[in-house]
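Read the numbers this way: they start at 1 and go in the same order the structure lists the ligands and their atoms.
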Amino acid sequence: MSGMHVVVTAGHVDHGKSALIRALTGQEPDRWAEERRRGMTIDLGFGWLNLPAGDQMAFVDVPGHERFVPNMLAGLGPVPAVLFVVAADEGWMPQSSEHLAVIDALGIGSGLLVVTKSDLADPAAAMEQALSRIAATSLGAIPAVAVSAVTGAGLPELHAALDQLAKDLPEPDPAAPVRIWIDRAFTMSGSGTVVTGTLPAGTVHRGDDLVLAPSMRPVSIRELQSLGETVPAAVGTARLALNLRGVSKESVHRGMALVQAGRWTLADCVDVRLRAVAGQPAEDGGSWSRTGPPGEGGVAGTLPRTVTLHVGSARCIARVRPLGLDVARLSLAEPLPLHVGDRLLLRDPGSRHAGSWPAVAGATVLDVLPPKLTRRGAAGAAARLLASWPEQPDAAHLLARHGLLRASALLAMGVREHPEPVTGEWLADPEHWRALGHQLGEVVAGHAAAEPLAAGMPVEAARAALDLPDRRLVLALAQPPFRISCGLVQLAPAVGGAAAGLPEPLQAAIQVLRADLDTAPFASPDADRLRKLGLDQRSIAAAVRAGELMRISDQVVLAPGADLAAAALLADLPQPFTAAQAREALATTRRTAIPLLEFLDRAGVTVRQPDDRRIVRGPARDPAEPPAARG
Ligand SMILES: Nc1nc2c(ncn2[C@@H]2O[C@H](COP(=O)(O)OP(=O)(O)OP(=O)(O)O)[C@@H](O)[C@H]2O)c(=O)[nH]1
Ligand SMILES: [Mg+2]
């Protein structure tokens with residue numbers, strides 16, 4: 001099925017891109033009479049050939065003239081490999097720089113340099129110059145071939161180089177979600193609306209249902225053509241013409257995309273990492289300095305407030321809100337089907353005047369559904385978090401930011417792998433989930449204190465109090481000591497013992513605390529937590545008397561037996577040990593560690609030495625009788 005590759009041309013106006021495609025394929029990339037009359041490409045052209053090794057290579061030919069930059073961008077956007085063309089007689093020119101900057105911004109990593117018009121001038125100088133410019137970009141070191149479209153010199157070498165390029169191209173995932181950026185839409189008599197585009201990865205079949213972004217109306221593929229042949233299915237990479245059912249020609253145009261339902265997020269706000277782009281040398285006389293190299297100010301500060309955003313064959317206006325040095329939030333004038341990890345091109349729309357070309361920056365999408373930045377300091381916190389993310393965030397990154405996500409939402413963000421759901425299709429960040437469990441304890445105990453006669457807190461009230469999007473999350477959070485009964489979150493009745501004599505709300509609060517201390521035995525609750533659980537000094541004293549809590553100091557209460565557990569852990573430290581070592585061994589803070597050590601000193605379990613270090617005394621160090629086994 002596969003064995004097709006798609007390559008896009010790039011290079012200065014008149015440098016021989018279209019002539020090269022003509023020479024390679026025998027097909028005419030300049031489809032319009034006007035293009036042929038003016039000897040200049042205006043819109044995208046196409047052609048394809050059979051490679052020596054049997055694969056097929058399709059070409060998208062872009063215009064080099066500055067006036068048609070949007071068409072050039074629509075061509076370069078969706079294609080994974082380039083044929084970079086420089087004419088031997090003219091050498092490197094302004095649009096060479098511009099196209100290279102676009103390639104670098106989009107992160108295109110595969111290609112070939114073709115120095116054309118080798119019949120007019122020695123190609124060596126142009127080749128050397130071009131290769132050194134290209135080396136500094138995402139293309140890196142690429143092979144180069146000199147050709148003449150007129151004499152045919154170099155064409156066999158070019159065929160061989162294209163064959164090698166095809167072999168070196170990464171194999172796209174046939175199971176990847178489908179997104180076809182539309183580059184042409186037209187009607188064909190008898191068959192209705194036809195669109196063309198590049199399928200970079202994934203598989204489409206005749207009869208498949210897709211949705212048309214951004215309207216997200218469903219369309220179905222009536223017929224599928226690839227390189228002029230009707231085919232039952234196509235696997236990326238492929239050039240495709242799709243005959244669509246369910247859509248009129250008027251409602252489809254370049255920049256829209258056919259996407260697989262449920263697999264893409266229609267985003268109108270994205271957080272991105274910005275990158276300055278190579279290949280923008282000052283001697284070319286352009287306005288590149290606006291985005292410049294990444295100086296101390298970062299890229300974000302150098303961008304205009306409003307940019308033109310390009311992705312695939314689409315473009316739209318976006319407002320830029322810098323969050324940090326190289327992280328920004330973009331608000332899109334029109335929504336686009338995006339994934340995290342997508343590469344965007346940002347241009348300064350203000351610099352479109354004669355003699356210069358637009359400043360360019362690259363951006364990588366980090367979040368397609370970024371949370372609102374309402375709290376004070378939220379922008380700075382977002383920038384710090386996002387700065388630590390890789391170019392391709394995974395489920396753990398996104399969950400750390402969003403706390404809770406449905407698996408389907410994560411899939412639509414472009415992330416297939418995810419942890420086990422906490423309930424249904426809900427995924428949770430582990431730390432956030434623990435904090436929610438904590439919070440549930442507080443609201444349920446608070447409810448019990450406020451309404452001592454109630455049998456429990458209604459699940460819906462708990463959901464609202466925790467601001468959870470689904471009541472099933474409350475059910476999943478209600479682990480022991482909680483339980484759900486008759487739509488109420490209840491604390492399981494205390495298991496007999498001394499606590500049974502305590503008032504119910506106090507029992508409830510103690511159970512919550514003890515559940516906390518079961519998982520983190522030396523994380524003593526702070527004043528705020530005690531207050532939220534409705535525990536004042538009197539009720540704590542009652543709990544201590546009942547043997548439910550252990551008072552270590554005025555500020556520190558732990559579960560009974562915490563002192564012995566601490567002694568056991570401290571006995572395993574190299575003796576003597578410092579307070580900091582003790583704090584670490586107990587996984588707690590100074591607020592708890594110091595009073596606990598002083599408590600142990602007073603109890604004679606530890607001995608404080610003149611240098612402030614301590615040793616665990618006597619039997620605690622006897623391996624035959626570990627202290628944990630006592631009491
Ligand atoms: N002598 C010579 N002329 C060439 C060669 N390749 C292209 N040309 C001529 O250069 C001119 C421009 O060629 P095109 O192929 O239209 O250039 P292009 O890069 O497609 O130009 P745009 O699409 O407008 O950016 C035409 O007159 C071609 O005949 C070559 O190898 N040798
Ligand atoms: Mg051309």
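Gly39 O, 3.9 Å is the protein heavy atom nearest to atom 16 (O) of ligand 1. The protein non-hydrogen atom at the shortest distance from atom 23 (O) of ligand 1 is Thr41 OG1, 2.6 Å. Looking only at protein heavy atoms, the nearest one to atom 18 (P) of ligand 1 is Lys17 N, 3.4 Å.
Between Thr116 and ligand 1, no N or O atom pair is found at a separation short of 3.5 Å. Taking only nitrogen or oxygen atoms, main chain and side chain alike, Gly16 reaches within less than 3.5 Å of ligand 1.
Taking 4.0 Å as the cut-off between side-chain N and carboxylate O, Asp326 and Arg275 do not count as a salt-bridged pair. Under the 4.0 Å criterion applied to side-chain N and carboxylate O atoms, Arg254 and Asp43 are assigned as salt-bridge partners. Checked for salt-bridge contact, Glu28 and Arg22 meet the test: a charged N lies under 4.0 Å from a carboxylate O. Taking a cutoff of 4.0 Å between a charged side-chain nitrogen and a carboxylate oxygen, Arg38 and Asp30 do not qualify as a salt bridge.
Within ligand 1, counting atoms from 1 as listed, the ones closer than 4.0 Å to a heavy atom of Ala149 are 6 (N), 30 (C), 31 (O). Listed by number with element, the atoms of ligand 1 under 4.0 Å from a non-hydrogen atom of Ala19 are 6 (N), 7 (C), 15 (O). Below 4.0 Å from some heavy atom of Met40 lie the following atoms of ligand 1, by number and element: 24 (O). Atom numbering of ligand 1 starts at 1 in the shown order; those under 4.0 Å from a heavy atom of Ser18 are 15 (O), 18 (P), 20 (O), 23 (O). For ligand 1, the atoms lying closer than 4.0 Å to a non-hydrogen atom of Leu120 are 1 (N).
For atom 9 (C) of ligand 1, the nearest non-hydrogen atom from the set Arg22, His12, Lys117, Glu66 belongs to Lys117. By heavy-atom distance, the residue among Val150, Asp61, Thr151 lying nearest atom 2 (C) of ligand 1 is Val150.
Atom 28 (C) of ligand 1 is never approached by the protein to below 4.0 angstrom, counting heavy atoms only.
If you look at Asp119 next to ligand 1, the close heavy atoms, those under 4.0 Å, all belong to the side chain. Counting heavy atoms closer than 4.0 Å to ligand 1, residue Asp14 contributes atoms from both its backbone and its side chain.
Backbone or side-chain N, O or S atoms of Thr41 reach the Mg ion (ligand 2) at under 2.8 Å. Using a cut-off of 2.8 Å, one finds that Met40 contributes no N/O/S atom close to the Mg ion (ligand 2).
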- Task: Give the C-alpha distance, both sets of side-chain angles, the deciding distance and a yes or no for side-chain contact (heavy atoms from CB on, under 4.5 Å) between Arg401 and Leu386.
- Result: CA-CA 9 Å; Arg401 180 170 213 209; Leu386 295 174; 3.9 Å; yes
- Do Leu345 and Val311 pass the side-chain contact (heavy atoms from CB on, under 4.5 Å) test, and can you show the C-alpha distance, the side-chain angles, and the key distance before you say yes or no? CA-CA 6 Å; Leu345 173 79; Val311 59; over 6 Å; no
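Ligand 1 is approached by Ser148 to a heavy-atom distance shorter than 4.0 Å.
Counting heavy atoms from C-beta on, the side chains of Ser96 and Arg133 never come closer than 4.5 Å.
Classified by interplanar angle (parallel below 30°, tilted 30° to 60°, perpendicular above 60°), the ring pair Phe84/Trp92 is parallel.
Checking Asp394 against His397 by side-chain atom types alone, a donor-acceptor pair falls below 3.5 Å. If you check the side chains of Asp104 and Thr137, you find no donor sitting under 3.5 Å from an acceptor. Side chain to side chain, Glu391 and Thr364 meet the donor-acceptor criterion of an N or O pair below 3.5 Å.
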